[in-house]
Each structure stands twice: as C-alpha cells, then as structure tokens.
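This report concerns only the one structure given below.
In what follows, chains are A, B, ... by sequence order, proteins preceding strands, each numbered from 1.
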There are 2 protein chains.
Amino acid sequence: MVVDQVSDSELDRLFQALADATRRDIVARVLTGEYSVSGLAAEYAMSFAAVQKHVAVLERASLVTKEKRGREQMVRIHLEGLRRARRLLDDYEEIWQQRVARIDDILAEG
Amino acid sequence: MVVDQVSDSELDRLFQALADATRRDIVARVLTGEYSVSGLAAEYAMSFAAVQKHVAVLERASLVTKEKRGREQMVRIHLEGLRRARRLLDDYEEIWQQRVARIDDILAEG
DNA sequence: TTGATCTACAACCATTTGGTTGTAGATTAG
DNA sequence: CTAATCTACAACCAAATGGTTGTAGATCAA
C-alpha cells in the first residue's frame with residue numbers, strides 16, 4: 001500500500017490539528033504575519049489559555065514552533081508538517097490516477 | 001485571508017475524518033479495490049459496528065459514498081473531499097511562497 | 001421456509017477534546 | 001521597587017470520539 005512514509009500517530013496529530021477552524025486560522029495568520037501567543041489570543045473570542053492550547057496542538061503536530069523573545073513567545077510556521085499532510089493527499093490522488101489509467105488500459109485491451 | 005472556498009465545518013469534518021489511521025487505511029483500500037462494509041470490517045481487529053462508524057465518518061466528510069448492491073453496501077471513493085483538503089494545503093503553501101518572495105524583494109530593495 | 005449473512009442503529013462506556021477559571025513565575029515599563 | 005504583561009500549567013466541566021454489545025430488518029442460499 002506504500003502511502004505511509006510517516007508514522008500513523010504523526011499523521012493523526014497532523015490532521016487532528018488541522019481539523020479545527022481556529023487552528024487553521026492560526027496557521028493562516030502565522031503564514032503571513034508575526035504573532036505572539038497573546039497576539040493571537042487577541043484575535044479570538046476565547047480565553048488566552050484556550051488559544052495557548054490550540055497553539056500547543058499545532059506544535060505537537062509540527063505545524064508551528066515557538067520561540068521566546070523577551071517575555072513573549074513568538075509563534076512561527078514549521079512548513080514540514082504542512083508538506084507531510086499534503087504529500088499524503090498527493091499520494092492518494094496519484095493512486096487514484098493510476099487506477100483510472102489501469103481501467104482505461106483494460107478497456108482498451110478488451 | 002481568502003484560503004477558504006469551503007465552509008469551516010466542512011473542512012473540520014474532512015480533516016477530522018483523515019485524523020485516524022484506520023480511516024486513512026480505508027480510504028487507501030477503497031482507492032484501489034472494491035470493498036463492502038463487511039469486506040472492510042474483515043481487515044481490522046475491531047467490531048463490524050466500529051468499522052461501520054468509521055465509514056460513516058468518511059461519508060459525512062465526503063470522502064466516500066456507499067452504494068447498495070444486494071444485501072451488501074459497497075464503499076466507493078468520492079474524490080471531491082480529498083481534493084478539497086489538498087487544495088487548502090496547496091493554498092497554504094502558496095501563501096508561504098508569496099511571503100518568501102516578498103521578503104526576497106524587500107531584501108533586494110534594501 | 002429456514003438459516004446464514006449483511007446492514008442499521010441504539011445503548012453504553014472510557015478517554016479525549018475544547019473550553020473555562022485560577023494561580024504562580026518571568027520579564028518589562030514607569 | 002511596583003505594577004502590568006505574558007506565559008505556563010493545573011483543575012474542572014460538557015460534549016465528542018472510538019470502541020463495545022445487543023437487537024432487529026433485509027437479502028441471499030439451500
């Protein structure tokens with residue numbers, strides 16, 4: 001079946017992390033701008049602690065990293081995770097294409 | 001921020017569905033072969049009902065469809081969902097590339 | 001018809017998830 | 001030094017998740 005370069009639990013954490021609109025929004029923000037955890041927290045109608053948890057989920061999924069700067073914790077993108085998730089979906093689509101091609105071949109033969 | 005062609009809850013369900021190794025395996029199987037729900041259930045060390053639930057999750061996420069054939073329920077891939085998830089990650093990477101390009105420009109100017 | 005197979009779905013349970021509040025430690029500003 | 005800011009983390013809670021067993025309805029095979 002190949003498809004899996006990466007461990008199951010790693011992908012679990014990755015897709016799990018992306019399965020929340022707030023977290024996807026954090027990823028989108030961090031992709032373009034520079035944000036501290038409290039900077040992010042200011043953007044959402046939830047507590048600082050809640051946002052802190054979301055960032056922690058993204059961190060465990062290797063989608064972001066944190067870097068201490070003074071008393072702030074800057075949140076930066078960690079593209080690796082994004083690429084891994086995308087790669088799996090690419091693989092899926094490739095498998096699909098191959099299957100379609102194979103069926104075409106069979107039809108051409110018959 | 002653009003990024004979202006699709007509703008938040010739709011993406012929630014999509015990534016949520018992909019955040020489980022059994023369900024990813026079901027997707028991979030269904031991409032290449034033909035499986036009924038019980039055919040899938042035979043592949044995993046869990047109850048039929050559990051697999052049934054996994055298929056239901058994939059169905060709600062528009063990753064598979066079911067088609068009744070006799071007393072069996074055939075599970076087929078529904079590529080739409082896969083493509084949607086991939087598209088979002090593509091958009092993310094594009095945003096990242098644009099940001100890198102912009103920084104390069106600034107450095108070139110300075 | 002009868003029995004086996006496949007499915008649907010409810011009820012239940014333990015764990016995880018996404019939120020809260022509260023407390024305490026660093027760091028910065030005045 | 002003192003006060004404000006930013007973070008970390010614990011404790012708690014309701015709801016969702018991933019599993020189970022059990023029951024019942026269709027469909028097929030003999």
* To do: For A:Q16 and for A:V37, locate the closest nucleotide of DNA chain D by heavy-atom distance; then report the residue assigned to the nucleotide nearer the 5' terminus.
  => A:V37
* Asked: Once you round it to whole Å, what is the distance between C1' of C:dG18 and CG of B:D12?
  -> 12 Å
* To do: Starting at atom NZ of B:K53, determine the distance to atom C1' of C:dT7, rounded to an integer number of angstrom.
  => 15 Å
* OP1 or OP2 of D:dA8 sitting under 4.0 Å from any side-chain N/O of A:K66? -> yes
* To do: Please determine if a side-chain N or O atom of A:Q52 lies less than 4.0 Å away from the OP1 or OP2 oxygen of D:dT7.
  => no
* Asked: Taking only side-chain nitrogens and oxygens of A:R23, does any of them come within less than 4.0 Å of OP1 or OP2 of C:dG18?
  -> yes
* Between B:K66, B:R76, B:R13, which is the residue that forms a salt bridge (charged side-chain N to carboxylate O under 4.0 Å, His left out) with B:E59? -> B:K66
* Rounded distance [0.5 Å steps], CD in A:E43 versus OG in A:S38 -> 11.0 Å
* Path from A:L18 to B:V57 over hydrophobic side-chain contacts below 4.5 Å -> no
* Would you indicate, yes or no, if C:dT20 has its OP1 or OP2 atom less than 4.0 angstrom from a side-chain nitrogen or oxygen of A:S47? => yes
* Asked: Between A:E59 (CD) and D:dC9 (P), how many Å, whole number?
  -> 10 Å
* B:T22 side chain N/O closer than 4.0 Å to the phosphate oxygens (OP1, OP2) of D:dG18? -> no
* To do: Would you mind reading off the distance between B:D20 atom CG and C:dT15 atom P, rounded to a whole angstrom?
  => 18 Å
* Structure fact -> DNA chain D nearest-nucleotide lookup for A:A49 and A:E72: closer to the 5′ end is A:E72
* **Sugar-phosphate only, base, or nothing, as touched by B:R69 at under 4.0 Å among non-hydrogen atoms** => nothing
* Asked: Nearest of D:dA8, C:dA26, D:dG18 to any side-chain atom of A:F48?
  -> D:dA8
* To do: Counting heavy atoms from C-beta on, name the nucleotide in C:dG18, D:dT5, C:dT7 closest to the side chain of A:R71.
  => D:dT5
* State whether A:S38 places a side-chain N or O below 4.0 Å from either non-bridging phosphate oxygen (OP1 or OP2) of D:dT5. => no
* Asked: Transitively linked via ILVMFWY side-chain contacts under 4.5 Å: A:Y35 with A:M74?
  -> no
* More than 12 non-hydrogen atoms from neighbouring residues, nucleotides or ligands closer than 6.0 Å to CZ on A:R99, yes or no? -> yes
* side-chain N/O A:Q73 vs D:dA8 OP1/OP2, d < 4.0 Å -> yes
* Starting from the 5' end of DNA chain C, give me the residue, A:G70 or A:R60, whose nearest nucleotide shows up first. => A:R60
* Asked: What is the nucleic acid contact for B:S36, judged by heavy atoms within less than 4.0 Å: base, sugar-phosphate only, or nothing?
  -> sugar-phosphate
